[in-house]
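The structure appears right after this line, and notes come after that.
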Amino acid sequence: MDSRRALYVCLYRIFTIADVAYPTSKHFPSQAFFLVFSLLGSYPYFFFLRSTPSSSSSSDPSRRFLRNASWGGPAWEKRVRSSARVRSRNGITVLVTGAAGFVGTHVSAALKRRGDGVLGLDNFNDYYEPTLKRARQALLERSGVFVVEGDINDGALLRKLFDVVAFSHVMHLAAQAGVRYAMQNPSSYVHSNIAGLVNVLEVCKSANPQPSVVWASSSSVYGLNSKVPFSERDRTDQPASLYAATKKAGEEIAHTYNHIYGLSITGLRFFTVYGPWGRPDMAYFFFTKDILKGKSISIFEGPNHGTVARDFTYIDDIVKGCLASLDTAEKSTGSGGKKKGPAQLRVFNLGNTSPVPVTKLVSILERLLKVKANRVMLKMPRNGDVQFTHANITLAQRELGYKPSTDLQTGLKKFVRWYLSYYSSGKKSSG
Ligand SMILES: O=C(O)[C@H]1O[C@H](OP(=O)(O)OP(=O)(O)OC[C@H]2O[C@@H](n3ccc(=O)[nH]c3=O)[C@H](O)[C@@H]2O)[C@H](O)[C@@H](O)[C@H]1O
């Protein structure tokens, strides 16, 4: 919103407030004008606050954005409406946050393909190469998904989106990801995974009708839990990283909004998701880049050369789990910001149930790339990593019909094919 529009909106609000505060008062005009002139007196401050673009005014100061986003206006609203229009019988209308992210792009495209209404939201921050996010955005645009540029902390923007479209569902995937980066930039995790989540839930709880919410938690909430495979009933009170702690906090925050406001909420604990259009900060991605460049890669090992392994899960399986979660989500029960009855609250593991050592991941990449890796074995640094993850998916299988079907070899083959074609176009750099 530009500053002039913000001023008009504020003036309108002041008059509305004055109208409510002094509905029958004969002093109303003078009191209202007093309020207006007080406001004008503070205009320089107000201007400073509002003249920053919507995406960065509420953004994390430690994060850079590529360009200043603006939103609003009839043409913008038309694009929003058109993107969110349902094109199939019984289709749903979904706001996907983090739509230019890895999982967000795949989920948005899959929803659009089956005729659901989809609107994306993303702040295009520079945690990893923004050109990749722009390329994903272009992909979505071609399939009819508009990705609004803005931050989940921008309450005015979120409310505006709900004014324009009555979303039946919110797929909340915007987050600060990455386990190890939390030691470098802790505030970005608080900003996105806690403040951002609360903002999204605040807007959802006030919306009429309230949407059902599905959001991305993480396998990292199991932290130091050593009972395998990890079941949703296992303890999650020993996070090993700040990232994990913010995701765990998110699960508790979800409980609160479900309890007080009747929001239907489903949290998905993703297990190391990989695949085409993936995240360059993840090991399988930067190992590929470094192996091709002939650079050495560090492979972590546990105490006494113990194996480090992950339950790597292919993106298409995760997308199926996300769509099944949306389809089985019950309606929220609140209205007017008030709970009317108990609402659904769920948490599911979405993993592959087949942990693979990181050394094996590297061997598969070597075969697919036809290049020998320059391996450096390193004792796992104390950086938030855990040694082992393994999902028990019985619950997701029963409730969502979730059945992962892609093994690591098959999934990495698809990733490598995409990687080589994406970065061989000459225009993109893998950094
Ligand atoms: O399931 C999750 O909830 C999380 O999954 C992902 O975290 P991780 O499982 O840690 O994935 P990733 O970083 O690819 O490391 C993979 C393996 O390589 C090892 N690893 C890593 C770096 C390195 O230099 N060497 C190395 O051996 C490392 O020790 C590990 O064993 C997401 O990033 C995170 O956002 C979250 O969604």
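Keep in mind it's a predicted model, so treat the numbers as computed, not measured. One-based numbering, in listed order, for ligands and for the atoms of each.
The residue among R180, R310, M377 with a heavy atom at the shortest distance from atom 8 (P) of ligand 1 is R310. Nearest to atom 36 (C) of ligand 1 by heavy-atom distance, out of Y243, Y181, Y274, F270, is Y243. Looking at F300, F312, F286, it is F300 that brings a heavy atom closest to atom 26 (C) of ligand 1. Of the options I297, L378, T359, T272, the smallest heavy-atom separation from atom 11 (O) of ligand 1 is shown by T272. Ranked by closest heavy atom to atom 10 (O) of ligand 1, the top entry among V358, D385, V221, T389 is D385.
Between E77 and K160 there is a salt bridge, since a side-chain N of the basic residue sits under 4.0 Å from a carboxylate O of the acidic one. The pair R159-E202 does not count as a salt bridge, with every side-chain nitrogen at least 4.0 angstrom from each carboxylate oxygen.
Annotation for ligand 1: atoms under 4.0 Å from non-hydrogen atoms of A177 are 35 (O). The distance from ligand 1 to the heavy atoms of S298 drops below 4.0 Å at these ligand atoms: 23 (C), 24 (O), 25 (N), 26 (C), 27 (O). Near I299, meaning under 4.0 Å from one of its heavy atoms, ligand 1 places the atoms 27 (O). Atoms of ligand 1 found under 4.0 Å from any heavy atom of S220 (numbered from 1 in listed order, with element): 3 (O). With ligand atoms numbered from 1 in the order given, ligand 1 contributes 29 (O), 31 (O) to contacts under 4.0 Å with heavy atoms of V308. Listed by atom number, the atoms of ligand 1 under 4.0 Å from A283 heavy atoms are 12 (P), 14 (O), 15 (O), 16 (C), 18 (O), 21 (C). When each atom of ligand 1 is checked for a heavy atom of S218 under 4.0 Å away, the hits are 2 (C), 3 (O). Residue-ligand proximity, F271 to ligand 1, at heavy-atom distances under 4.0 Å covers atoms 1 (O).
Of the N or O atoms in F287, none lie within a sub-3.5 Å distance of an N or O in ligand 1. Between V273 and ligand 1, not a single N/O pair is under 3.5 Å apart. Annotation: Y284 places no N or O atom under 3.5 Å from an N or O atom of ligand 1; distance criterion only.
Of all the heavy atoms of M282, the ones lying under 4.0 Å from any atom of ligand 1 are found in both the backbone and the side chain.
Legend: residues meeting ring pair (Phe, Tyr, Trp, His ring centres under 6.0 Å) with F102, ordered by chain and number and at least two apart, are H106.
Using modelled atom types, one side-chain atom of E366 and one backbone atom of A373 make a donor-acceptor pair closer than 3.5 Å.
Using bins of under 30°, 30° to 60° and over 60° for the plane-to-plane angle, the ring pair W277/Y422 lands in the perpendicular bin.
For atom 33 (O) of ligand 1, the closest heavy atom belonging to the protein is R279 NH2, 2.9 Å.
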